[in-house]
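Worksheet: one structure, shown below.
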Amino acid sequence: GLSYVGYGTGTQIGQAAVWDPGPVRPVTLAPGRSVDEPIRFVNVYNYPAATCRPVAVDGLRVYVPGSTLAKFVPYRTTGCRSTSVNTIFVKPVGA
């Protein structure tokens, strides 16, 4: 899982990331190994301000697959308070 967070409290801002479509294949990692996939961020200024309701973002809340514990990643940017627009897109790990 992935979402913007802010307000200095870790509160989620806007809608959580949307999965980009595509085939998924399982990936098994050896201890100490890693895998990455690109994250696609939308320029929120492409939306009308009244639709997006732009707000400063402190960073990202990231959940790795199969985990219920999140990691905070500092990433100062601007997100949309509105949950009616998609601003973050990710591919499933191993896609």
Counting neighbours of OH on Tyr45 that are heavy atoms of other residues, nucleotides or ligands and sit closer than 6.0 Å, is the number greater than 12?
no
Report whether [X] and [Y] are members of the same hydrophobic cluster (ILVMFWY, side-chain heavy atoms less than 4.5 Å apart, transitive linking).
X     : Y     : result
Val42 : Leu2  : no
Ile13 : Val18 : no
Val44 : Ile88 : no
Phe72 : Tyr75 : no

Considering only heavy atoms from C-beta outward, does the side chain of Val55 approach that of Tyr7 to under 4.5 Å?
yes
Closest contact, heavy atoms only, Ala16 versus Ser3
CA-CB, 4.0 Å
Heavy-atom pair with the smallest gap, counting every atom of Val57 and Gly79:
CG2-N, 3.3 Å
List the steps, then state whether side-chain contact (heavy atoms from CB on, under 4.5 Å) holds for Tyr4 with Leu60.
CA-CA 5 Å; Tyr4 284 135; Leu60 302 166; 3.6 Å; yes
The side chain to side chain donor-acceptor pair (under 3.5 Å) partners of Thr9 (sequence neighbours excluded) come to Thr11
Going by side-chain contact (heavy atoms from CB on, under 4.5 Å), Val62 matches just one of Val90, Val73, Ile39, Val5. Which one?
Val73
Side chain to side chain donor-acceptor pair (under 3.5 Å) pairs, two or more places apart, involving residues 50-64
Asp58-Arg76
All pairs passing salt bridge (charged side-chain N to carboxylate O under 4.0 Å, His left out) where residues 3-17 contributes a residue, at least two apart:
none
